[in-house]
Amino acid sequence: MQPFRFGQWMRLALVGLLAGELGSGGGCNVPSNWSGPGHAGSLPPGLAGINLALIAGLIGVLVITAFVLGIVLMYISSVMRFILFDSVLAKECHIRDGWSRRQGPAWRYFLWKLLYTLVMFGTLIVLVGIPVGFAFAVGWFNDPKQHLLPLILGGIALFFAVVAFTITMAVIYVLTKDFVVPQMALENIGTMEGWRRLWPMMKAEKGGYAGYVGMKIVLAIGASIILGIVGMILVLIILIPVAGVVVGAVFAGKAAGLGWTAGTITLAVVAGCVLLAFFFLLTSLVSVPAIVFFPAYSIYFFAARYPALKAVLYPAPPLPQVPPQAAPPPYEPPPLPPTPEPIG
């Protein structure tokens, strides 16, 4: 049994986090109160004195920053997907070597993900916008009580259409990262070419691939439950004390006369992002077994159907070495018979 290697564990946690093996989400909202018709809006007492134009400018900067950061992280995750694939195959994680070696296929995968994202959100906008626009055009929202039946039936149909489309897109994404990425990594082909090769395999074995997707859903649900429990424990152990320190710092700053300015708001946003990143890193550290298991599961499943991956996963044993044979002695002609003596 090999000894525990914390360096490898840490690298796998970072690669899994950046490759998107852990799901995350969040959101925030800014409440506002209105005193009534004809009165200006009032902020909560703790936020009194804040320049609303400053807040709007900061929100705009945050939106642009989040968009740019999202594109950068999408590219990083594309490279890390190939590094994770290599790490599972080699049972060794080397981030620097993988980063320099996998730029070509990672760039093609990144372009596919950009196209995938545009198609998904564009289709959702059309899918939701057309029925809602039709309902507005015919006046169903002007007097909804008179149009309850079409609104309810249309809402149910729209809900199931959105769910079906979302599930379809999720399955396409999972199949791409599980079965197209290995082809891109081993044969240096594009994403579309990988799908062109994958599609006949899936049609020839519909039951096997359907079973794979179903089993992966079950395993993902189980892993999500376990990781959710782990996340709650981390919140109780780490984030609650840190939140107490933050609240204490806010009250101390208020007592010292500090207000919400561009500097303090920026500092609070940066501190929150650092704390969130630290929480995700801790979660990925305890999730390394799952980070390794799911790519390994897809690799071993696909290896039985993809000869190039099978050859890497199960390399042929080396041929037995035949010991060298001694060279035969040089040919020597047989000795000549003795010359008979003369008679007489």
Which class fits the ring pair Phe293 and Tyr297: parallel under 30°, tilted 30 to 60°, perpendicular over 60°? parallel
Salt-bridge contact Glu187-Arg197 (side-chain N to carboxylate O under 4.0 Å): yes
Do Leu153 and Val163 land in one hydrophobic cluster if side-chain heavy atoms of ILVMFWY residues count as linked below 4.5 Å? no
Cluster check Val61, Phe67: I/L/V/M/F/W/Y, side chain < 4.5 angstrom: no
Nearest 0.5 Å, please: how far is CE in Met10 from SG in Cys93? 11.5 Å
To the closest 0.5 Å, what do you measure between CD1 (Ile95) and OG (Ser100)? 12.0 Å
One pair to check against ring-ring contact (aromatic ring centres under 6.0 Å, His included): Trp9 and Phe6. What are the steps and the verdict? CA-CA 5 Å; Trp9 192 276; Phe6 179 76; 8.5 Å; no
At their closest point, which heavy atom of Pro295 faces which heavy atom of Ala290, and how far apart are they? CD-O, 4.3 Å
Has Phe121 got more than 12 heavy atoms of other residues, nucleotides or ligands less than 6.0 Å from its CZ? no
Let's go through Leu89 and Leu313 carefully: what are the C-alpha distance in whole Å and the side-chain angles of both, what is the deciding distance for side-chain contact (heavy atoms from CB on, under 4.5 Å) to 0.1 Å, and is it a yes or a no? CA-CA 7 Å; Leu89 274 184; Leu313 192 60; 3.8 Å; yes
Determine whether more than 12 heavy atoms belonging to other residues, nucleotides or ligands lie under 6.0 Å from atom CE of Met215. no
Roughly how far, to the nearest 0.5 Å, is the NZ atom of Lys206 from the NZ atom of Lys203? 7.5 Å
Check this for me: Phe278, atom CZ, are more than 12 non-hydrogen atoms of other residues, nucleotides or ligands nearer than 6.0 Å? no
Show the numbers, then the answer: is there a side-chain contact (heavy atoms from CB on, under 4.5 Å) between Ile291 and Leu84? CA-CA 9 Å; Ile291 289 173; Leu84 182 60; 4.1 Å; yes
Are Trp99 and Ile76 packed together at the side-chain level, in the sense that at least one heavy-atom pair is separated by less than 4.5 angstrom? yes
Is a side-chain donor or acceptor of Lys177 paired with a backbone partner of Val174 at a separation under 3.5 angstrom? no
Taking atom CZ of Phe141 as the centre, report whether more than 12 heavy atoms of other residues, nucleotides or ligands fall under 6.0 Å from it. yes
Please examine the side chains of Tyr109 and Thr176, heavy atoms only from C-beta on, and report whether any two atoms are closer than 4.5 Å. yes
Has the side chain of Gln183 got a donor or acceptor atom that lies under 3.5 Å from a matching backbone atom of Phe179? yes
Run the side-chain contact (heavy atoms from CB on, under 4.5 Å) test on Val79 and Leu18 for me, step by step, so that the C-alpha distance in whole Å, both residues' side-chain angles and the decisive distance to 0.1 Å come before the verdict. CA-CA 9 Å; Val79 183; Leu18 294 177; over 6 Å; no
Could you report the tightest heavy-atom contact between Asp143 and His147, atom names first, then the distance? O-ND1, 3.0 Å
Look only at the side chain of Gln8 and the backbone of Glu92, and say whether a donor-acceptor pair between them is shorter than 3.5 Å. no
Mind listing the closest non-hydrogen atom pair of Met202 and Leu175 along with its distance? CE-CD1, 3.5 Å
Lys/Arg cation over aromatic Phe301: Arg305, 6.0 Å, 45° cone: yes
Considering non-hydrogen atoms only, spot the tightest contact between Leu127 and Leu158 and give its length. O-CD1, 3.4 Å
Do the side chain of Arg102 and the main chain of Ala185 share a donor and acceptor less than 3.5 angstrom apart? yes
With under 30° as parallel and over 60° as perpendicular, where do the rings of Tyr116 and Trp112 fit, or are they tilted in between? parallel
Please find the pair of heavy atoms, one from Thr191 and one from Met184, that lie closest to each other, and give the distance. OG1-CE, 3.5 Å
Atom pair CG/CG of Leu285 and Leu12 - distance to nearest 0.5 Å: 10.5 Å
Restricting to non-hydrogen atoms, name the atom on Ser78 and the atom on Lys113 that form the minimum distance, rounded to 0.1 Å. OG-CE, 3.0 Å
Give, for atom CG of Leu124 and atom CE of Met120, the distance between the pair rounded to the nearest 0.5 Å. 5.5 Å
I'd like to know whether Phe302 forms a side-chain contact (heavy atoms from CB on, under 4.5 Å) with Val181, so could you lay out the CA-CA distance, the side-chain angles of the two residues, the decisive distance to 0.1 Å, and finally the verdict. CA-CA 11 Å; Phe302 196 46; Val181 165; over 6 Å; no
With rounding to the nearest 0.5 Å, note down the distance linking CG in Leu115 to CZ in Phe110. 11.5 Å
Would you say Phe82 and Arg101 make side-chain contact, with heavy atoms under 4.5 Å? no
